[in-house]
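See structure below.
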Amino acid sequence: MKLKLHINNVIKDAFIKAGIAHEPMSVSEATKAEFGDFQFNGAMALSKKLGKNPREIAGNIIESLDLSGIISKAEIAGPGFINLWINPLWIAEQCQAAVSDKRLNIAKTETPSRVVVDYSGPNMAKQMHVGHLRSTIIGDTLANVLTFLGDEVIRQNHIGDWGTQFGMLIAYLEEIGEDGSVSLKDLEQFYKDAKGRFDADAAFADKAREYVVKIQSGDRHCLELWQKFIDISLGHCEDIYEKLGVKLTREDVRAESFYNEDLSKVVEDLAANGTLQESDGAQCVFLEGDEVPVIVQKRDGGYLYATTDLAALRYRAQTLQAKRISYVVDARQAGHFKQVFRVAKESGFVAEDVQLEHVGFGTMMDKSGKPFKTRDGGTVKLIDLLDEAVVKAKEAIKNKEDYTSEEIDALAKIIGIGAVKYADLSINRESNYIFNWDKMLSFEGNTSLYMQYAYARIQSIFRKYDGDIKGEIIIGDALEHRLAVMLLRFEDVLTRAAKDTSPNQITAYLYDLVTLFMRFYEQNPILRADVDEKTKMSRLQLADLTAKTIKQGLSLLGIQVVNKL
RNA sequence: GCACUCAUAGCUCAGCUGGAUAGAGCAUCGGUUUGCGGUACCGAAGGUCUCAGGUUCGAAUCCUGAUGGGUGUACCA
């Protein structure tokens, strides 16, 4: 239900009827309940253009407003605000349509766009650490939401599988032989051991260097070892994706190595364009206004990060035919992407109408506001963080005696992982945030457990009530009205969150929704004996729609719900 | 040095296209229960939105400057 669009259309009609030859600005949600459901602030802005006072303009608009359909009441307030009330009968009708529809009456877009979402991008030489969390779950959420809204989404996992360090790792893998997969369980350790050999043994180091050259020139034996290493390493990542409920698969992997053969072409084509310049022996693109150039080829002939990204951009725009390409990468790389995007467009690798965006995000901090590290200063492995979340979630489950130990394990997994994800996704993407277990696993405030609790509570209503649900939704009091309007806003929120790539708009909405439901439920009994049948049916359906909206919302964030907790 | 970015309640955070008295949660103080899951709900208190100018009918939001943090800055990814 595109709620705002409907209301905007009513305003637009009023503009035409009133003979105002301007495009009206969009309505916005009312800032307070007593101001109605929505407000239109465009009269003030028109005041100067029309040479009239804003209240008079607002009056003209209201006179021309159709109050027989979606909007039932309109009032002028203050300097020229128009407060709008939505017709309760219409709201009820729309909620009814939503509750009986699998997609909650949210249509897929009629103009789907092909979107590449680049996210996660772990390095195969190392284990995933907490720094990969945000990219992985923000990117996955974006992909989920866009898919749900009807776009054609291509997920791309640009894993780091190429470069000099791999020679060392492969040489070591060969040296320790068949049981390499065992040692590889701990990639950090494997990396350290390989590095130890590299530093201590000159023959080993020579072999490692030799392997780098061999891999890149396509030596079969070395490539086999390399492939084995990548498979094992990627397997670790997939364990984490599985735990996180992230939908990345092997099909989505387009590794750095995938673009290997394109790299020389990128440089050639830039040279042919005349955009390339040599500087200190390196091949560079100098952008107007930028101090540092984009280096695409080193003095020694090697290629760089930017070269691979240019190749990937071209592949995504030309071969995959994407119209929007979103990179979910740490905010610190803003400068890099700004430059690479410019080169891609200016060189014609990517057409002008393709939207390139760097979806940057802030850093995870510890309690003291410093980057999140282990006690001894190392990076925190993502797997350890997730395992700890499950352990802590177990402690948070109250009536443990009601469950078998298998049930508790399953619950703890959903709740623990969900809590970590929700806490992260509920923070404004661009800001740094302080990681806090207690807050994350609290039932209070905008947390996953508050959502889960509300959801479980609603499910409990339906466990108690085993009759049929029939009849209509009737909007009774003001709280029901507000709850119903809130439910209808879901699509607008998703659309906006997708446009801005900000998952926290979804969590903020869910929190508002749940808070409103809790208030509604406190005040409006459903199953109590003194509630008449019609009211009971109506409220049951509102509760049902609330639960379905929570479930759908969390599902887009990649978080499961539980019926009991 | 230059560039980017951030600064909102004691703490952790919201605040979308500029709109009405800047909102939540925690912590503090107080209230609600013959209970549909109290891990809930209601209320009080808490703010010169870092500072100074400017634009505007209207600025936490836009512009300029200052101060204080963070980040990036030529052959790593």
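Atom P of A7(B) sits at a distance of 29 Å from the matching atom of G43(B), rounded to the whole Å. Comparing G47(B) with G10(B), their C1' atoms are spaced 12 Å from each other, to the whole Å. Across G19(B) and U32(B), the matching P atoms stand 40 Å from one another, rounded to whole Å. Rounded to a whole angstrom, the distance from the C1' atom of G58(B) to that of C36(B) is 48 Å. When the P atom is used for both G65(B) and C2(B), the distance is 12 Å, rounded to whole Å. U8(B) sits 38 Å from A77(B) when the P atoms are compared, rounded to a whole Å. When the P atom is used for both C62(B) and C49(B), the distance is 16 Å, rounded to whole Å. Of the C1' atoms belonging to G18(B) and A22(B), the separation is 14 Å, rounded to the nearest Å.
For the pair Lys551(A) and Tyr455(A), the cation-pi test (distance below 6.0 Å, angle within 45°) is failed.
Judged by Watson-Crick or G-U wobble contacts below 3.5 Å, the nucleotide U73(B) has G1(B) as its partner. Under the Watson-Crick or G-U wobble criterion, with both distances below 3.5 Å, G47(B) has no partner in any strand shown. Across all strands shown, G37(B) has no partner, as no Watson-Crick or G-U wobble contact with both distances under 3.5 Å is found. Using N1 to N3 plus N6-O4 or O6-N4 for Watson-Crick, or N1-O2 and O6-N3 for G-U wobble, each under 3.5 Å, U55(B) pairs with nothing. Under the Watson-Crick or G-U wobble criterion, with both distances below 3.5 Å, C26(B) is paired with G10(B).
Among A74(B), G37(B), G1(B), the nucleotide with an atom closest to any side-chain atom of Tyr521(A) is G37(B). Closest to the side chain of Leu304(A), from the set A74(B), C57(B), C76(B), is C76(B). Comparing C36(B), U21(B), U73(B) by their closest approach to the side chain of Val292(A) singles out U73(B). Residue Phe443(A) has its side chain nearest to A40(B) when only U17(B), A20(B), A40(B) are considered. The side chain of Arg457(A) has G37(B) as its nearest neighbour among C41(B), G37(B), A74(B). When distances run from any side-chain atom of Met518(A) to the nucleotides U56(B), A40(B), U73(B), the shortest one goes to A40(B). The side chain of Tyr305(A) lies closest to A77(B), out of A77(B), U39(B), C36(B). Counting only heavy atoms from C-beta on, Ile526(A) has its side chain closest to C36(B) among G25(B), C36(B), U17(B). When the nucleotides G19(B), G37(B), U71(B) are ranked by their closest atom to the side chain of Gln39(A), G19(B) comes out on top.
No hydrogens or angles were tested; on distance alone, a donor-acceptor pair under 3.5 Å links the side chain of Asn83(A) to the base of A20(B). Taking only distance into account, the side chain of Thr308(A) never meets the base of A77(B) through a donor-acceptor pair shorter than 3.5 Å.
If you take CZ of Phe520(A) and P of A40(B), they are 19 Å apart, rounded to a whole angstrom. Residue Asn446(A) contributes atom CG, which lies 13 Å from atom C1' of C26(B) at whole-angstrom precision. For the pair Gln452(A) CD and G37(B) P, the interatomic distance rounds to 17 Å; values are reported in whole Å. Look at CD on Glu522(A): it is 14 Å from C1' on G43(B), rounded to the nearest Å. To the nearest angstrom, P of G19(B) lies 8 Å from CG of Asn41(A). With rounding to whole Å, Tyr450(A) atom OH is found 23 Å from U12(B) atom P. Atom pair Phe337(A):CZ and C4(B):P shows a separation of 19 Å (rounding to whole Å applied). Atom CD in Glu444(A) sits about 20 Å away from atom P in C11(B), given to the nearest Å.
Contact annotation: Arg519(A) side-chain N/O to C42(B) OP1/OP2 distance is under 4.0 Å. Phosphate contact (OP1/OP2 of G37(B), side-chain N/O of Lys464(A), threshold under 4.0 Å): present.
Taking a 6.0 Å sphere around CD of Gln339(A), one finds it holds more than 12 heavy atoms contributed by other residues, nucleotides or ligands.
In terms of modelled atom types and a separation under 3.5 Å, the side chain of Ser120(A) and the main chain of Thr136(A) share no donor-acceptor contact. A donor-acceptor pair under 3.5 Å is formed between the side chain of Thr307(A) and the backbone N or O of Val296(A).
Under 4.0 Å is where a charged nitrogen must lie from a carboxylate oxygen, and between Asp424(A) and Arg134(A) at least one such pair does.
You'll find the side chain of Tyr119(A) stays beyond 4.5 Å of the side chain of Leu142(A), heavy atoms only. When side chains are defined from C-beta on, Lys564(A) counts as touching Arg463(A), because their heavy atoms get closer than 4.5 Å.
Between Trp226(A) and Trp162(A), the two ring planes are perpendicular [angle over 60°; tilted spans 30° to 60°]. Using cut-offs of 30° and 60° on the angle between ring planes, the pair Phe190(A) and Phe229(A) is tilted.
Stacking between Phe81(A) and the base of A20(B) is present: ring centres sit under 5.5 Å apart and the planes differ by under 30 degrees.
Of the candidates Leu557(A), Leu556(A), Thr501(A), Val145(A) forms a side chain to side chain contact (heavy atoms under 4.5 Å, CB included) with just one, namely Leu556(A).
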Can you pull every protein N or O that's under 3.5 Å from an N or O on nucleotides 13-15 of chain B?
unit_1: C13(B); atom_1: OP1; unit_2: Ile434(A); atom_2: N; d: 2.9
unit_1: A14(B); atom_1: OP1; unit_2: Asn428(A); atom_2: N; d: 2.7
unit_1: A14(B); atom_1: OP1; unit_2: Ser431(A); atom_2: OG; d: 3.2
unit_1: G15(B); atom_1: OP2; unit_2: Asn428(A); atom_2: ND2; d: 3.2

